[in-house]
Structures are given as C-alpha cells and as structure tokens.
Amino acid sequence: MTQVYNVKPLQVGRHYEIDYIHSYGEVSDFFLGLKEKKLLATRCTKCGATWLPPRRDCGKCGAKTEWFEAPQEGKVHTFSILYFAAEAFLPEIPFVLAYVELPGIDTVFLTRIKGCKLEDVYVGMPVKARFRRLVDWTPNDVWFEPTK
Amino acid sequence: MRKVCVVSGGITKFAKANLNTQEAMVKDAFDYALNDLNGRLDIKDIQSTICTYFSDHFESQLLFDSLTQDYLAMCPRPSMRIEGGGATGGLGIRAGYMDVASGLSDLCLVYGFEKMSEVNTAKGNEFIALASDTDFDYPVGGFYSGYYATMAMRHMHEFGTTLEQLAKIAVKNYENAFHNRWAQKHEHWTVEGVLNAPMISTPLTRPMVCVMSDGAASLILCTEEWAKKLRPDGDYVVITGLGCGTDTMRLGDRPKGNVIPLPGEDSKKYDYLKGQWPGVHSFRGAREASRQAYAMAGIQDPLHEIDFVEVHDAYASSELQTYEDLGLCLYGEGGKWVDEGGPYVNGQLPVNPSGGLIACGHPVGATGIMQGVFTLWQLQDAMAKHCSDPELGYDGNKIQVKGAKRGICHSHAGTGTYITVNVFERPE
C-alpha cells in the first residue's frame, strides 16, 4: 500500500531495490588474492608504473601491466575519522578511513585502520595489512593495523 | 569561433526541499531569466537548450531532460543532457558555449536542476558516493566528506594549514550569503562556533560542509548580435575563456610530479614542492582548467587580473585547495592568504561573494549554473537588484564587488575528477 506523507502537495512513498550480478573482470585476481592474504598489484611492462588497486592497462602510458605481490607493511599517508556516513555505512561509524603508502607502490591505497583507538592514528603511522578469513569479496577483505 | 555572450540568468531559491516538480523548478529559473530581459526575448527565438542534472538516483526518473524540454515548450528544438558529477553545471555552460561558438545555435538556454530532498541525508550521501569507484573506493569509504577530509588532513600535514583557517573560510561564506536572498542558509557563525560544531569527518565540522539542496538555475547564451538586441544598453557579459581539466577517479591514483605552470609562470617557482604534486592535497584538473582558461582569456597574473571568483566550495578545505590551483597564491599558502584577508569581499580578490555552496546550497546539477548566474549579476553590478531583501535585512550591495569587469566561475566534480573554469567579462 502506498504510504502518504502529505496531501497538498501530495507526497507518497516510492520503493526501489535491485540486485546486480557484478563482474570484477580483469582485476578479479586482486579480490581472489585477498582470500590468500596477498595484496596483488600491477606493474606497467613499459614505463614501470605500479598500481594498487591494480589496472590491466597502465594509467600513465596505456601499455599492458603484469601482476606482482605488493608489500604488506607501510605507513599512513593521510586519514580521517568518520563520524557520519552514507546510509549503508551508518552502523559502522565512527571508523578511520586512510590512504596507506606501501614501498614500491606509486599509488596510495584507500583502506580502513583498525586495531587501535581512533584518536591514536597519525600521518606517518607504521601499519600492516590484515585480512578477513571469511571474505565478502570487497576491498574490505583487507584493512590495516598499527605494526607495533 | 564566434564570440559567445551571456545575457540573462535565473535561479530558484535553493532549499532543503522544494515541493514543486523539477520541471516547474526549471521553469521558474527560466522565467526569472526571461523576466530580467523585460520582454525582449520571445522564447520562439531560442534555438537550442542544454540540460544538466547529476543523478538518476536522486531524480528517480531517467531521461528527465525530455520532461523539462517538453515543459519549457522547447520541443522540437535540439537539446542535450550534460552530466559530470559536481561539475555538471560548469560543463553545461561549456556545452552551451560550444553550441553558440560553433554556429549550431544563435541562442542557447542552459539550465540545470537537482532535487535531493526525496531521500534522507544519509541515503543522499550514499547516492553521491556512488560517484566514486564502486569497486575499490565506495565499499571502503562510501562518503565524500570522508574523502575530502583525508585531503584536508594531508594539506595540513604538508603545509601547516590550520583548522582556524578552514573555519575562517566557512565563516566568510556564511557572512557573504547573509546578504544573498537566494542562499539556503542565512546564519552567522564564528570561528569558535565552526570548530565546536559536530564533527562530520576530521577535520571537517558540519558548517564546513555544504548541504543537500533542491533547486534550479538557468543562463541564456547567445551571439554578440543577439546580446546587443537583448541588452541594448550593453549590460551583458562575454565568455572570454574556458578550461576543463580532469583527474583519476580514485584519489589515491593521482601522480606525484611537477606543477603545471600557468601562463607566464616559471615552473621553477614550484621547485619547493619537490615533485610531490598534486598528490592527494591538490587538484591537477583545476590547475589544468585554469591554465587553459587563462591562456584563452589572456590572463597572466590571476590575482590582479581577475576581480572575483565563484569557487565550488563543497568543503571549506576544497575552497582553500582551489585558491592554490587557480594561482591566487602559492601551493601551501592558501591558509596564509585567508589569514591575510585575501578572499574576503573587501580583500585582494573576493572568493565566493555569493556565499558559495557552503551557504547557498548545492543542488548538484544546478550548482555550476548558479555560480554562472552570480558571476553574471556581479558583472552587471546587479547584486543589489537581484539579491537584496530589505524586509529580511539582506543587502546585496554588501556583496557587490565594486567595478568588477572580469569574474570566473569554477565548477568541480568528484574528488577533482572534472573541473571547469569559465571566464566572464564585461564587453569592452
């Protein structure tokens, strides 16, 4: 039955819901790698640029890339403590969103920092990757925690 | 290319909720622009339109442009929908310019809208976050304020930018908007008040972040011949420069290298950044858009050759970052420039005299066009005429940049993925 919120102007409820069958396509190995506790990145075969998240085709020169395993220890490049979020993430707040620098990786990697107090995170903090045992096939299958 | 002029503009008052339909909001913004031409423009003379809106999710209507085209009585004339996230409106002005400059159209109506109020704010943030990489970024962060907060944190780390400097930008924009009757927010804030407000995503507190809005805006673009007919007193503006820059969808994928020099700049002046630009703290797309627009308009010294700027300040921090990309100050000195009073209405180069997005609101598809409308009104010396409301104590004179001859409007999408810089000037 249609929910009526107001009469003039007439405001009614509308429902919309959909499930997708989504393909990770050429970067599927990244997600499959997380299950094996590996961070799989790609390196350009021509210019040597390294990508994490991976790309099949280099974002700088367009040449093909090859897979390699990225190091799992690095440091916080920047971060924020989120006290508000999109609806889907409201049950998770507050949480720390961060970009992590890893040696030999040209990009910085978006992830969450766990395993410490929110207010203890700082730029430059040494962190290491942790992996979900029961994966849900999203980038949240990996997160970072303080190394010490 | 033919010279392209802007003769009139209109907006609806941006509001948390406008319960009219989108097509009626657009009609209201269009009617305002028509009325400001005192009956000199017959809608039959409009030859083409550009429609801009951002999100099919917010509107729950695909092909909305056909509904609005129909409602404005513009069928069967040519039209196109333009969409590019937060830069949708700025890109719409660019598309309208292309239509007229190319000779495809002599008179083009550019209009945009967004209705964000039909879902709650958290759901709205979810929709907006779908404009980040849904494989790698959305599932982790899922929140644009979070992405911008990480940029602000890095800017603070790199350059010593302070919370107070970010708060000052928010305070400035609320103060400006207080004299703009179109603004969604008429509030007075203090630096302390901004810093003590609820935290959204460190270091950004609620008043440093724009809000969801409903609204529409319109601009009428035409040839010089039409402009002289529609504004016989010469009270129109000419678009003298356009730029459009882009960057990677994922903020973390941005390169580290050397700054793109603006026209007339020696790239050595940025040696102090040690090839770490743009990283996550600067917008390469904004720098590139500025470079193109300044080159086209012949601007060599933006700080002294531009009279005011309307910047896409979805966040106080992104306004500060953008000062640097636009070349109004050196990279890293945005905060210092605020402390020196640079971007205030009576400062060196007023930024967001309208109040910007933080205070005026951000109905995404209308925003860039709204900025164009404010830029036009500034150059027509008409802020008092359009923005005052004596009963409520709003005095548009207070946000009129006196004697302004050249203004720019900057429109910005994603985490800096699409950026336009459009230069408007009074005719010589």
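Letters A, B, ... mirror the listed sequences (proteins, then strands); counts begin at 1. Since we're looking at a predicted model, the values are computed, not measured.
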Next item on the list: Take B:His155 and B:Glu324 through the side-chain hydrogen bond (donor to acceptor under 3.5 Å, both in side chains) test and state the conclusion after the steps.
Entry: CA-CA 11 Å; B:His155 200 282; B:Glu324 302 170 0; 3.0 Å; yes
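- Interface remark: A:Gln11 contributes side-chain atoms only to the contact with chain B (heavy atom separation under 4.5 Å).
- In this structure, chain B has a heavy atom under 4.5 Å from the side chain of A:Pro9, while its backbone stays farther away.
- Proximity to chain B (any heavy atom under 4.5 Å) is shown, for A:Val100, by neither the backbone nor the side chain.
- Using a 4.0 Å cut-off between a side-chain N of Lys or Arg and a carboxylate O of Asp or Glu, B:Glu158 and B:Arg154 qualify as a salt bridge.
- A donor-acceptor contact shorter than 3.5 Å is absent between the side chain of B:Tyr148 and the backbone of B:Tyr315.
- In this structure, the portion of A:Phe95 lying under 4.5 Å from any heavy atom of chain B is its side chain and not its backbone.
- Using a 4.5 Å cut-off between heavy atoms, A:Phe89 touches chain B through its side chain atoms alone.
- Applying the side chain to side chain contact (heavy atoms under 4.5 Å, CB included) test between B:Leu130 and each of B:Thr134, B:Ile128, B:Asp133 identifies B:Thr134 as the sole match.
- Both the backbone and the side chain of A:His77 come within contact range of chain B, with heavy atoms under 4.5 Å apart.
- Proximity to chain B is limited to the side chain of A:Leu90, based on heavy atoms less than 4.5 angstrom apart.
- Heavy-atom distances place the side chain of B:Arg250, and not its backbone, under 4.5 Å from chain A.
- Between chain B and the residues A:Thr107, A:Ile93, A:Val27, A:Asn6, the largest count of heavy-atom pairs under 4.5 Å involves A:Thr107.
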Margin query: For a side-chain hydrogen bond (donor to acceptor under 3.5 Å, both in side chains) check, start with the C-alpha distance between B:Tyr331 and B:Asp325, then their side-chain angles and the critical distance, and finish with the verdict.
Written below: CA-CA 7 Å; B:Tyr331 279 104; B:Asp325 303 312; 2.8 Å; yes
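- Only the side chain of A:Trp51 comes within less than 4.5 Å of a heavy atom in chain B; its backbone stays farther off.
- At a 4.5 Å heavy-atom cutoff, the contact between A:Glu101 and chain B is made by side-chain atoms alone.
- Between B:Phe127 and the choices B:Phe143, B:Phe58, B:Tyr138, B:Tyr144, the ring-ring contact (aromatic ring centres under 6.0 Å, His included) rule is met once, by B:Phe58.
- In this structure, chain A has a heavy atom under 4.5 Å from the side chain of B:Thr248, while its backbone stays farther away.
- A:Arg112 has a carboxylate O that lies under 4.0 Å from a charged side-chain N of A:Glu92, or vice versa, which qualifies the two as a salt bridge.
- Of the listed residues B:Leu19, B:Asp137, B:Val140, B:Val119, the one with more heavy-atom pairs under 4.5 angstrom with chain A than any other is B:Val140.
- Counted by atom type alone, B:Asp28 and B:Thr12 present zero donor-acceptor pairs between their side chains at under 3.5 Å.
- Ranked by heavy-atom pairs under 4.5 Å with chain B, the list A:Tyr24, A:Tyr16, A:Phe109 is led by A:Tyr24.
- Contact record, B:Thr205 with B:Ala197: CG2-O, 3.7 Å, taken as the closest heavy-atom pair.
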Taking distance alone, no hydrogens or angles, what donor-acceptor pairs closer than 3.5 Å link side-chain atoms of residues 58-65 of chain A to residues at least two apart or in another chain?
residue	atom	partner	partner atom	Å
A:Lys64	NZ	A:Asp57	OD1	2.6
A:Thr65	OG1	A:Arg55	O	2.6
A:Thr65	OG1	A:Arg56	O	2.9

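- Contacts with chain A were tallied for B:Leu204, B:Thr202, B:Leu251, B:Asn125; B:Thr202 has the most, counting heavy-atom pairs under 4.5 Å.
- Heavy atoms closer than 4.5 Å to chain B are found in both the backbone and the side chain of A:Phe79.
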